[in-house]
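Lettering follows sequence order; numbering is per chain, from 1. Computed over heavy atoms, backbone and side chain alike; hydrogens, waters and symmetry mates excluded.
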2 protein chains.
Amino acid sequence: MTNRRATIADVARVAGVSPSTASVVFSGKTPVSDPTRQRVLDAAASLGYTGPDPRAASLRRGRSGIVAVVVGSSLNFMFLDPVQRLLMDGLAEAVAPLGAGLLLLRRDAGIDSENAPTLTTASIDAAVLIGCDRSLRETLPDVQARGIPIVVVEGDAGDDVPRIALDNREAQRRAAEHLRDLGHTRVAIVTLWQDAAGTRGWIAPDADITIDVTRDRLRGARDVFPDAPAFASAHSSIDDGFAAGRVLFADPQSRPTAVIAQSDLLATGVIRAAEEAGLRVPQDVSVTGFDGIPVDGLAPYELTTLFQPATDKGRAAGAAVAAMLEGQVPASVLLTSTFRPGNTTAPPMAP
Amino acid sequence: MTNRRATIADVARVAGVSPSTASVVFSGKTPVSDPTRQRVLDAAASLGYTGPDPRAASLRRGRSGIVAVVVGSSLNFMFLDPVQRLLMDGLAEAVAPLGAGLLLLRRDAGIDSENAPTLTTASIDAAVLIGCDRSLRETLPDVQARGIPIVVVEGDAGDDVPRIALDNREAQRRAAEHLRDLGHTRVAIVTLWQDAAGTRGWIAPDADITIDVTRDRLRGARDVFPDAPAFASAHSSIDDGFAAGRVLFADPQSRPTAVIAQSDLLATGVIRAAEEAGLRVPQDVSVTGFDGIPVDGLAPYELTTLFQPATDKGRAAGAAVAAMLEGQVPASVLLTSTFRPGNTTAPPMAP
DNA sequence: TTGTACGCGTTATCAT
DNA sequence: ATGATAACGCGTACAA
C-alpha cells in the first residue's frame with residue numbers, strides 16, 4: 001500500500017473519464033453532464049481526493065493567488081497604528097475578489113534568518129509596499145523583471161511604480177492655516193519617524209528627511225510656520241507623543257501655544273503631557289492631529305484633525321493591483337484628507 | 001521576438017551546461033566549479049533570468065514556504081489587541097528560519113467574495129489558527145487530509161490538533177484570590193467577547209460560553225467569587241472597557257469594590273470610567289487586568305495584572321509548525337502567566 | 001563535477 | 001459534453 005496522495009489522474013481513472021474532464025468538474029470552467037460529474041465526485045470521495053493541489057494549479061495557471069505586503073520590521077509597531085490596520089482591512093477586502101490573500105513580508109527579513117522568504121523567492125502575483133526605503137527600492141527591478149506588479153502606498157518606489165498617496169502637504173498646511181487664523185504664532189511640530197531607525201529628538205533645520213509622509217507633512221506645516229521647531233518620535237503612539245509633549249512643555253517661558261502633531265495618537269500623547277504640565281487644552285495649548293481615527297480613550301476630547309480615508313487607501317492599492325494583473329497600467333492615486341475641527345484648538349490666550 | 005520569460009533551461013543552453021548544473025548554481029545544493037558557475041551566472045544575466053520560478057520550485061519541492069494564519073474577520077480589531085500583535089511577531093520570527101512567510105486568511109472570507117482564498121485552495125505548508133469556532137473546525141479534516149499541519153492558539157480544534165494555550169483559569173483565579181485576600185467581596189467581571197458576534201451585555205448566569213479564553217478566565221474568577229456578575233464586551237479595547245465600567249458604576253449603591261477585567265485594555269477603560277464616576281483607583285475601586293502589556297497612555301497607573309508571554313505564544317506556535325513539518329508530533333504547549341501586582345488594587349474602604 | 005531522464009499535478013487548447 | 005495532448009519550470013536520483 002502506497003502512501004502517495006491521490007491525484008486528479010487517479011480520480012479520472014477510477015471514474016472512467018479523462019483527466020481533463022475530472023479537472024473541469026472541480027474547476028467548473030466548462031459544463032459537465034450530471035451523471036459524469038457524479039461519477040467523478042464519487043471517485044474522488046472514495047480516494048480521499050479533496051481537490052486540486054494548489055501548488056500544481058498555481059504552476060499551471062501562472063497565478064498563485066498571493067499578494068505580498070511588505071511592511072516594516074515589527075508587526076507589533078506597524079499594527080499599533082490604526083491607519084495601518086484600516087489600510088490592511090481595505091487591502092484584504094480588495095484582493096479577496098481576485099481570489100488572493102495577503103502574505104506578510106518584512107522589509108528587513110533576513111536579519112532573522114538566511115532563508116526568510118523575500119519578494120523574489122515567494123510565489124506571489126503582486127506586491128504592495130507600505131512605504132519604501134532605499135534598500136527595498138534596490139530589489140524592485142528584479143521583482144519587476146519577473147512581471148510582478150508593484151504598488152506603493154505612502155512612499156516613492158520609482159516612477160514606474162504606481163503610488164497610492166495622500167495630499168499630506170496640503171492637508172497639513174490646512175491645519176496650520178487654521179492655527180494661524182486663530183492667532184497662533186508660537187507653534188511646535190511633533191513628527192512621525194524621521195528615519196528608518198526611529199531616532200527621537202529635535203529635527204535639525206536643514207535635515208534631509210527621507211520618509212515621505214513625515215517630510216511632506218512637515219513641509220505643509222512649515223509652509224505656514226517656516227520656523228516652527230519639530231520633534232521627531234519613533235512610532236505613532238500615545239506614549240511617544242507624551243514624551244515629545246513633555247519636552248515641548250518643559251520650559252513654561254518658551255512653550256508653544258499650539259502643537260501640530262503628525263498623527264492622532266501623537267496628538268493624544270501631547271494632550272496628556274499638557275494636562276500633566278497643568279495646561280488646559282485648548283485654552284492654554286491648542287493641539288491638532290492627523291488621521292481622523294477614533295482614539296481609544298481620548299474622550300472627552302474631540303481632536304481637531306485631518307481625516308484621511310485609510311481604508312480607501314487599502315482599497316485603492318488593491319484596485320491598482322487588480323488592474324495591473326489584468327494588464328492595465330494604473331495611474332497613481334492621490335487621496336485627499338478632510339479638515340475636521342474639534343475641541344482641541346482655540347485662540348491663544350492674551351499674553 | 002517572443003515574450004516568453006527565460007527559464008533555467010534557456011540559461012543552461014546559453015551557458016553550455018546541463019539544466020541540472022544551472023539549477024545547482026542557484027540552489028547551491030551541490031558544489032560547482034567556479035568557471036562553470038560564472039558562465040551560468042553570466043548567461044543568466046544576459047537573459048535577464050533572476051532565479052527559479054517560485055511556483056515551479058514549489059511544485060517540485062512540495063513546499064510553498066507559506067504558513068497560513070487564520071484570524072478573525074477584521075484585521076483592524078484583531079490587531080487592536082497588543083497580545084495578538086506580539087503573537088504575530090513571535091510567529092513571524094519563528095517561521096522565518098523555515099523560509100516561510102505568513103499568509104493572512106480571514107475566518108469568514110467568502111462573505112466578501114466567492115473566490116476568496118481558503119485553507120484548501122491556497123498553497124500553504126501549514127496553518128496556525130488563532131482561536132477556532134465550530135464552522136472553522138468543520139473545514140479542518142479536509143485540510144488535514146492534505147497532510148497540512150495545523151496548530152491552534154487559544155482555542156480547541158479537536159484532539160488531534162496541537163494547542164498553544166495559556167493557564168487562563170488558574171491565572172485568573174490568582175488575581176481573584178488576590179482581591180479576596182485584600183478583603184473584597186463585591187466583585188464584578190468584565191469579559192472579552194462571549195460569542196463570535198461580540199454581543200455586549202450582562203452574561204446570563206447559566207450562559208454556555210463557547211469562546212475558550214473568555215470562558216476559562218471567567219471560570220477562574222468564579223472559582224473564587226461564584227456569584228460575581230459578568231459583563232461581556234465586544235473587543236479588547238479601552239473604549240469597550242469604558243462602556244462596561246459605566247454600567248458597573250452606574251448605581252453608587254450597588255457598585256462593586258473591585259473589577260476583574262479580562263484584558264489590560266478593558267481594565268484601562270474601567271479605570272477611566274471609575275475616574276469619570278468620581279471614584280479613585282485603587283482607594284474606591286480596585287481593578288485587575290490581564291495580559292501584562294504596556295498600555296499606551298495608562299500612566300501613572302501600574303495595573304495589577306497577569307503577565308502572559310504573548311510573543312512566546314507565537315514562537316511556540318511556530319516551533320510546533322516546524323516540528324510537524326519535519327514529521328514529528330508536537331505536544332500541546334501550556335504557557336503560564338505571572339501575577340504582577342501594581343498600584344490599581346487595595347483593600348476596600350470600610351463601609 | 002557534470003549530464004541524462006523523468007516526474008511533480010494540473011489545466012488550456014483544440015479536436016471530436 | 002468529453003478526450004488527447006502538451007506544456008507549466010524545476011529539482012533530483014542516478015549514471016558517467
What's the [atom1]-[atom2] distance between [X] and [N], to the nearest Å?
X        : N       : atom1 : atom2 : value
Arg37(B) : dT1(C)  : CZ    : P     : 10 Å
Ile8(A)  : dC8(D)  : CD1   : P     : 20 Å
Arg63(A) : dA12(C) : CZ    : P     : 12 Å
Phe26(B) : dG9(D)  : CZ    : C1'   : 13 Å
Arg39(A) : dA1(D)  : CZ    : P     : 15 Å
Asp10(A) : dC8(C)  : CG    : P     : 10 Å

Heavy atoms only, 4.0 Å cut-off, all strands: where does [X] land among base, sugar-phosphate and nothing?
X        : value
Ser27(A) : nothing
Ser20(A) : base
Tyr49(B) : sugar-phosphate

Any donor-acceptor pair under 3.5 Å linking the side chain of [X] with the backbone of [Y]?
X         : Y         : answer
Arg107(B) : Ile130(B) : yes
Asp195(A) : Thr210(A) : no
Ser64(B)  : Ser123(B) : yes
Asp125(B) : Ala100(B) : no

Is there a side-chain polar atom (N or O) of [X] under 4.0 Å from OP1 or OP2 of [N]?
X        : N      : value
Thr21(B) : dT1(C) : no
Thr7(B)  : dG9(D) : no
Ser18(A) : dG3(D) : yes

Check your understanding: Taking the nucleotide of DNA chain C with the closest heavy atom to each, which residue, Thr30(B) or Val24(A), is nearer the 5' end?
Key ->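 First, find each residue's nearest nucleotide; the 5'-ward one identifies Thr30(B).
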Point to revise | Short side-chain donor-acceptor distance under 3.5 Å, Thr21(B) and Ser18(B) | key: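 Present: a donor and an acceptor within the cut-off.
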Check your understanding: Just wondering, are more than 12 heavy atoms of other shown residues or ligands nearer than 6.0 Å to CG in Asp160(A)?
Key ->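 Enclosed.
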Check your understanding: Near DNA chain D, which residues from residues 53-62 of chain B have a heavy atom under 4.0 Å away?
Key ->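 DNA chain D contact set from residues 53-62 of chain B: Asp53(B), Ala56(B), Ala57(B), Arg60(B), Arg61(B).
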Check your understanding: For the residue pair Tyr49(A) and Phe26(A), does the interplanar ring angle fall in the parallel (under 30°), tilted (30 to 60°) or perpendicular (over 60°) class?
Key ->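 Correct class here is perpendicular.
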